[in-house]
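Here the structure comes first, spelled out in structure tokens, and everything after it is commentary.
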Amino acid sequence: MASFFSFPNPVNELAARTVAAGVVTLGAVTLLTQSWIPLAILAAGFVGRVLAGPRLSPLGFVAQRVIAPRLGPARLVPGPPKRFAQGIGATLTSAALVAYVLDAPTVAWVLVGLLLVAASLEAFAGFCLGCWIFGRLQRAGLIPADVCEACNNISLRHPAPAPTA
């Protein structure tokens, strides 16, 4: 059971960027329709990805198993910062859903707009804002170094290829 509720480490950056593109699409639909339904789907997807990586997220599953393998060889990056970023997305979308239910739609749409900015940076520029925040918090000592050894030791990020005979 514990392995089910785990997050992959490392993560294929191509899959993460594909998920971000899906979030951008669903976020745009949310803002255009101003409906709680795509917002609830967004929130559920983020919560699922935080809890179990792509296992509980149809978008994450399709990105990892179907789309990313067709985009080229995996580009592996540390998992803990990506999970942290998914946690930020879960917080923003859950707060937006609560704001909507409490009849504060402007707050909800501003939160979704912030999410769209962050997801667009990831999807189209390869810059993970949540990962950047994770790194700053780790440098400040607020996230222990052992949470992500590869984040602290650059040689662990991209291991040298095995020698060929």
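These numbers come from the heavy atoms of this one structure, side chains and all, not from hydrogens, waters or symmetry mates.
Looking at I88 and F46, their side chains never come closer than 4.5 Å, going by heavy atoms from C-beta outward. Counting only heavy atoms from C-beta outward, the side chains of L26 and P38 approach each other to under 4.5 Å. Looking only at side-chain heavy atoms (C-beta outward), P10 and P78 stay at 4.5 Å or farther from each other. For the pair F5 and L56, the minimum side-chain heavy-atom distance is below 4.5 Å. Counting heavy atoms from C-beta outward, V147 and P144 have side chains that approach closer than 4.5 Å. No side-chain heavy atom of V101 sits under 4.5 Å from any side-chain heavy atom of W36. Counting heavy atoms from C-beta on, the side chains of Y100 and V107 never come closer than 4.5 Å. A heavy-atom distance below 4.5 Å is not found between the side chains of R55 and F61.
Here the closest heavy-atom approach between residue A63 and residue T18 is recorded as CB-CG2, 3.7 Å. Nearest approach of V112 to G27, heavy atoms of both residues: CG1-O, 3.8 Å. The minimum heavy-atom distance linking F84 with G130 is given by the pair CD2-O, 3.3 Å. Among all heavy-atom pairs drawn from L59 and V23, the shortest one is CD2-N, 4.0 Å. Pairing each heavy atom of R17 with each of G126, the nearest pair is NH2-N, 3.5 Å. Shown here for C128 and E122, the closest heavy-atom pair between the two residues is CB-OE1, 2.8 Å.
A donor-acceptor contact shorter than 3.5 Å is absent between the side chain of R75 and the backbone of E13. Side chain of R65 to backbone of P54: no donor-acceptor contact under 3.5 angstrom is found. Under a 3.5 Å cut-off, the side chain of R70 and the backbone N or O of I67 do not form any donor-acceptor pair. A distance-only check finds no donor-acceptor pair linking the side chain of N12 to the backbone of L76 [under 3.5 Å]. Checked by atom type and distance alone, the side chain of R83 pairs as donor or acceptor with a backbone atom of V50 at under 3.5 Å. With hydrogens and angles ignored, the 3.5 Å screen pairs a side-chain donor or acceptor of T25 with a backbone N or O of A21. Remark: side-chain polar atoms of Q138 are not paired, donor with acceptor, to backbone N or O of C151 under 3.5 angstrom.
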Original post:
Do L51 and V47 pass the side-chain contact (heavy atoms from CB on, under 4.5 Å) test, and can you show the C-alpha distance, the side-chain angles, and the key distance before you say yes or no?
Top reply: CA-CA 6 Å; L51 291 176; V47 169; 3.9 Å; yes
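Under a hydrophobic-cluster definition in which Ile, Leu, Val, Met, Phe, Trp and Tyr are linked whenever side-chain heavy atoms come within less than 4.5 Å, directly or via other members, V29 and L42 are assigned to different clusters. Residues W109 and V98 do not share a hydrophobic cluster, defined by chaining ILVMFWY side chains whose heavy atoms lie under 4.5 Å apart. No path of Ile, Leu, Val, Met, Phe, Trp and Tyr side chains, each step under 4.5 Å between heavy atoms, connects L102 with L111, placing them in separate hydrophobic clusters. When hydrophobic clusters are built by joining Ile, Leu, Val, Met, Phe, Trp and Tyr residues whose side-chain heavy atoms come closer than 4.5 Å, directly or via intermediates, V62 is not grouped with I41. Following chains of ILVMFWY side-chain contacts shorter than 4.5 Å, one can reach I37 starting from V24, so the two form part of one hydrophobic cluster.
Separation of atoms CD1 (I143) and CZ (R136) is listed at 12.0 Å; rounding is to 0.5 Å. For the atom pair T30 OG1 and L39 CG, the distance stands at 5.5 Å (nearest 0.5 Å). The structure places CD of Q86 at 11.0 Å from OG1 of T91, a figure rounded to the nearest 0.5 Å. For the atom pair CH2 (W132) and CG (L137), the distance works out to 9.5 Å, reported to the nearest 0.5 Å. With values rounded to the nearest 0.5 angstrom, R49 atom CZ is found 8.5 Å from F7 atom CZ. Rounding to the nearest 0.5 Å gives a distance of 13.0 Å between CZ of F127 and OG of S120.
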